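Not measured: the values here are computed from a predicted model.
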Amino acid sequence: MSAASLGGLSVIDRRHVLAGFGAALATSGLPIRSRAEARPKVLRLVLTNGLASQTGQGASVFAERIATLSGGRMRIEIFPSGVAGGELETTQDLAKGALDLTITSSAGYGAVAPKLGVFDIPFLFRDVAQARAVLDGPIGQKALADLESTGLVGLAWSENGLRHLTTTAVPVRTPKDLVGLKIRVPQSDAMITGFRALGADARPLPFPDVYGALSAGEFQGQENPLGNIAAANFDRVQRYLCLTGHIYSAAMLIMSRPAYDALSEQERTMLRTAARAATLAARETGDRTEASLTAELGKRGMTVITDVDRTAFAAAAHAANPQFEAQYGKPLLDAVRAVRS
């Protein structure tokens, strides 16, 4: 059975399969006496996104680098496209030790460490370069360390990319176009607060359920990085692609504490080295594909809205500042905004 063949299983059944999948792969076809010495350590990495996404490309490089660094003694098995559920439940399973690794947005890590949801504030960052500088610097590295109090280990930052809005019937160019629209957002408090401050009827929903909800007309729009929009075929159920770039979507490569503690120091070093390579791969994918994905979605039939008034959106988003300052602390917000790229 391959990861792709899990597509017809329910989420509960998928978890049962995932629980034993790595062990089955590691021991199949080996003589009983040789299994102990020949069996590699297999770690299960689950993703909500597909392998073509930025996080998916990062995961692939992570797996390749681990195999190389360990000489085949460690292996990463990747389960993409939400086969283990949404980011929130996947991260919760990780915290329980039921899974080994995931790359998740703040819908996952922000749920177990709410203060880390700060990076989802709309228009917090001036641009992608500044966002990366924040994550690579003291603020981002402290955030990785802060996750450890939750029973999880933050290995490295990854990247989902800039998030853009898609809609069914209304092209969004200014904040007034967003007022009253029922918009799906991830399970992120900062995103819910930010979009509601802009006047949208923002409601959370796990990513694997979004296409069905859009198809059924339960939402009038959603927002995601371009890679996710294309891979999930949202162009089939959304007419307008509005290049709002409202959030730089940070993702985190995280590991369960029991799985991490079971590794040697040498293996942990290899894991962190490979994790950094995954970060760079995800970023390179985003830099390379942002323009081409926009063109591709246009060719698929979406109307691309480029004349978005981001200045007006950023000004309107300031209405939520008191809530964000109360939730995350004004000193932290000021420190993030002060970082230069």
Of the non-hydrogen atoms in [X] and [Y], which two are nearest, and what is the gap between them?
X: Ala59; Y: Ile78; answer: O-CD1, 3.5 Å
X: Val308; Y: Val172; answer: CG2-O, 3.8 Å
X: Val46; Y: Leu99; answer: CG2-CD1, 3.9 Å
X: Phe123; Y: Ala317; answer: CD1-CB, 4.1 Å
X: Ala213; Y: Leu205; answer: CB-CD2, 3.6 Å
X: Thr193; Y: Ala320; answer: CG2-CB, 4.2 Å

Group every Ile, Leu, Val, Met, Phe, Trp and Tyr by side-chain heavy-atom contacts under 4.5 Å, then state whether [X] and [Y] land in the same group.
X: Leu226; Y: Tyr248; answer: no
X: Val185; Y: Leu243; answer: no
X: Leu293; Y: Leu162; answer: no
X: Met74; Y: Tyr260; answer: yes
X: Val118; Y: Leu116; answer: yes

Check step by step if salt bridge (charged side-chain N to carboxylate O under 4.0 Å, His left out) holds for Glu218 and Arg184. CA-CA 9 Å; Glu218 296 174 15; Arg184 175 270 171 184; over 6 Å; no
Enclosure of [X] [atom1] (heavy-atom neighbours >12, cutoff 6.0 Å):
X: Lys115; atom1: NZ; value: yes
X: Arg126; atom1: CZ; value: yes
X: Arg239; atom1: CZ; value: no

Polar side chain donor-acceptor pair, [X] to [Y], under 3.5 angstrom:
X: Thr166; Y: Gln222; value: yes
X: Glu87; Y: Tyr109; value: no
X: Asn321; Y: Gln323; value: no
X: Gln238; Y: Thr168; value: yes

For the pair [X] (side chain) and [Y] (backbone), establish whether a donor and an acceptor sit closer than 3.5 Å, ignoring hydrogens and angles.
X: Trp157; Y: Gly140; answer: yes
X: Asp177; Y: Thr174; answer: yes
X: Ser264; Y: Glu267; answer: yes
X: Gln54; Y: Thr285; answer: no
X: Thr269; Y: Glu265; answer: yes
X: Arg268; Y: Leu263; answer: yes
X: Ser105; Y: Ala107; answer: yes
X: Gln141; Y: Leu135; answer: yes
X: Arg300; Y: Ala230; answer: yes
X: Arg75; Y: Pro40; answer: no

Residues passing the side chain to side chain contact (heavy atoms under 4.5 Å, CB included) test with Ala232, sequence neighbours excluded, are Phe207, Phe234
task = Determine, stepwise, if the pair Ile139 / Val339 fulfils side chain to side chain contact (heavy atoms under 4.5 Å, CB included).
result = CA-CA 10 Å; Ile139 294 172; Val339 172; 4.1 Å; yes
Hey, is [X] close enough to [Y] for a salt bridge, meaning N to O under 4.0 Å?
X: Arg283; Y: Asp287; result: no
X: Lys299; Y: Glu296; result: no
X: Arg44; Y: Glu77; result: no

The ring pair (Phe, Tyr, Trp, His ring centres under 6.0 Å) partners of Phe324 (sequence neighbours excluded) come to none
For His164, the ring pair (Phe, Tyr, Trp, His ring centres under 6.0 Å) test, sequence neighbours excluded, returns none
I'd like to know whether Arg203 forms a side chain to side chain contact (heavy atoms under 4.5 Å, CB included) with Phe219, so could you lay out the CA-CA distance, the side-chain angles of the two residues, the decisive distance to 0.1 Å, and finally the verdict.
CA-CA 9 Å; Arg203 304 187 187 187; Phe219 291 91; 3.9 Å; yes
What distance do [X] atom [atom1] and [Y] atom [atom2] have between them, rounded to the nearest 0.5 Å?
X: Leu253; Y: Leu101; atom1: CG; atom2: CG; value: 6.0 Å
X: Leu214; Y: Asn233; atom1: CG; atom2: CG; value: 12.0 Å
X: Ser256; Y: Lys96; atom1: OG; atom2: NZ; value: 13.0 Å
X: Thr104; Y: Asn160; atom1: OG1; atom2: CG; value: 8.5 Å

Tested for side chain to side chain contact (heavy atoms under 4.5 Å, CB included) against Met252, the lone hit among Leu152, Ile103, Leu147, Thr91 is Leu147
Requested in this report: Assess whether salt bridge (charged side-chain N to carboxylate O under 4.0 Å, His left out) is satisfied between Arg276 and Asp136, documenting all intermediate values.
Outcome: CA-CA 10 Å; Arg276 180 58 184 171; Asp136 290 342; 3.3 Å; yes
Residue pairs passing the side-chain hydrogen bond (donor to acceptor under 3.5 Å, both in side chains) test with at least one member in residues 55-67, sequence neighbours excluded, are Asn49-Thr55, Ser53-Thr55
Residue pairs passing the side-chain hydrogen bond (donor to acceptor under 3.5 Å, both in side chains) test with at least one member in residues 302-311, sequence neighbours excluded, are Arg173-Asp307
- Query: Under the ring-ring contact (aromatic ring centres under 6.0 Å, His included) rule, what pairs show up with a residue in residues 298-321, not counting sequence neighbours?
  - Reply: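 Sorted result for residues 298-321: empty, none.
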